[in-house]
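What follows is one structure encoded as structure tokens, with my remarks underneath.
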Amino acid sequence: MSGRVVVRLFGPAREAAGAGTVELTLPAGATAGDAVAALAAAHPGIGSLLPRSRVAVNLEYVDRATPLRPGDEIAILPPVGGG
Amino acid sequence: MSGRVVVRLFGPAREAAGAGTVELTLPAGATAGDAVAALAAAHPGIGSLLPRSRVAVNLEYVDRATPLRPGDEIAILPPVGGG
Amino acid sequence: MRTLYQITEAKIDVGALRDALADPGSGALAMFVGTTRNAFQGKEVRYLEYEAYGALAELEMERLGTEIATLWPSVTGIAIAHRVGRVEIGEASVAIAVSAPHRREALAACAHGIDRLKATLPVWKKEVFADGSAWRENVIEEDTHEGR
Amino acid sequence: MRTLYQITEAKIDVGALRDALADPGSGALAMFVGTTRNAFQGKEVRYLEYEAYGALAELEMERLGTEIATLWPSVTGIAIAHRVGRVEIGEASVAIAVSAPHRREALAACAHGIDRLKATLPVWKKEVFADGSAWRENVIEEDTHEGR
């Protein structure tokens with residue numbers, strides 16, 4: 001893929017970034033890990049959370065090597081605290 | 001003790017005897033076991049339940065050898081089925 | 001410790017048991033509710049009749065509360081209710097609620113509690129069929145719950 | 001199997017979860033309700049804020065339901081609700097109810113269920129104090145429940 005993707009942020013990641021969604025422009029062939037790296041560059045405040053966060057694409061948990069496709073919904077999920 | 005005591009019957013024992021309370025006349029020195037034996041004689045229909053029943057006197061479970069005192073509340077408790 | 005022990009001819013109010021244990025320091029509430037079933041070994045049950053030795057049943061509930069408080073000292077509340085009289089199919093016949101700061105203790109104490117109630121409570125159950133009735137004894141299983 | 005999965009801004013209606021599982025063939029209902037506590041490590045909590053990835057949270061609830069049905073095939077119903085938004089102290093933040101013909105399965109599945117919800121549900125909790133706030137992660141304990 002190349003172009004703009006939307007990343008959804010939750011909990012402490014959302015608070016640190018000051019936004020629930022962030023738009024990123026990624027090069028062709030970008031992966032979930034590339035999106036995480038671009039996010040860290042754009043919002044240094046959430047950098048420390050990212051290594052401990054899971055990533056979901058289209059409601060499926062993925063590893064960082066997973067390639068992205070146009071229109072994917074990417075989500076950054078810090079350690080959970082439900083219950 | 002000697003004299004009359006009241007025995008309370010529950011569940012299948014009550015149904016078999018056709019009464020929730022039975023009065024018995026017991027001799028001096030009678031035990032809980034004597035009360036059970038007298039009950040079996042007065043109400044043969046509950047005889048088969050009695051060996052499987054617990055006996056309580058004044059809300060305490062007792063064994064058959066426990067001596068009775070005037071005014072004791074004796075209860076025959078068949079195997080339970082609560083819940 | 002908050003406690004509520006009831007032998008009741010009225011329908012069991014499960015929400016009232018919860019409310020009785022409300023405590024801003026206790027984050028966990030475990031509950032078990034036993035409801036009457038419509039069949040026993042394939043035979044249709046029309047309704048049930050429960051009978052209790054009320055005074056002893058309430059004493060047994062208190063004893064169980066004391067036992068649970070000893071086994072799980074962090075428990076903050078126990079509420080138990082058992083219905084007597086005619087109970088229609090699908091209605092609650094017994095309920096136990098246990099509160100504690102953390103879920104492990106609440107869940108373990110609740111599971112232990114219903115096991116002990118089934119084994120010890122002086123309550124008798126009659127299943128009423130279209131063509132008769134039968135007193136139904138509990139089968140006492142070993143207590144295999146963990147987490148204490 | 002009856003199921004009800006909710007992410008809700010309204011107060012959790014525990015009675016409605018029970019009602020959703022009403023079934024004349026299921027005699028056992030086990031429930032766990034987590035309520036917000038007034039203190040964390042001695043510091044007074046004023047209220048809590050929960051935030052969920054709603055679509056994924058509902059999917060995770062469905063997955064958990066499927067897992068429980070596989071582990072305990074006799075289970076007849078599962079209802080799960082998680083609150084989001086501002087939650088006052090003492091209010092329910094999560095509830096899970098499991099019905100089954102017999103108590104062992106209902107209790108074991110309920111205990112497993114709340115453990116898995118704590119570990120997997122994409123929900124985040126912020127404790128709000130008089131002088132600030134903190135995101136609170138769950139400490140994931142081993143699942144040591146027995147009775148499966």
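Proteins get letters first, then strands, A, B, ... in listed order; numbering begins at 1 in each.
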Considering only heavy atoms, which portion of [X] lies under 4.5 Å from any heavy atom of chain B: side chain, backbone, both, or neither?
X	result
C:A57	neither
C:A119	backbone
C:Y53	both
C:T120	backbone
C:L59	side chain

Under a 3.5 Å distance rule, please check whether [X] uses its side chain to pair with a backbone N or O of [Y] as donor and acceptor.
X	Y	answer
C:R2	C:A22	yes
C:S93	C:T36	no
C:N38	C:V45	no
C:T76	C:S99	yes
C:W124	B:P78	yes

(message) Assess whether a salt bridge exists between C:R46 and C:E44, defined as any Lys/Arg side-chain N lying under 4.0 Å from an Asp/Glu carboxylate O.
(response) no
(message) Between the side chains of C:K126 and B:E15, is the shortest nitrogen-to-carboxylate-oxygen separation below 4.0 Å, so that they form an ion pair?
(response) yes
(request) Examine whether an atom of B:L9 lies under 4.5 Å from a heavy atom of chain C, and if so say whether it belongs to the side chain, the backbone or both; otherwise answer neither. (result) backbone
(request) Could you tell me which portion of B:R8 (side chain, backbone, both or neither) has an atom closer than 4.5 angstrom to a non-hydrogen atom of chain C? (result) side chain
(request) Count the heavy-atom pairs under 4.5 Å between each of B:E60, B:R52, B:R54 and chain C, then report the option with the highest count. (result) B:R52
(request) Tell me, out of C:H82, C:K125, C:R136, C:E137, who's got the most heavy-atom pairs with chain B below 4.5 Å. (result) C:E137
(message) Only pairs of heavy atoms separated by less than 4.5 Å count here; which of C:E60, C:E49, C:R83 has the most with chain B?
(response) C:E60
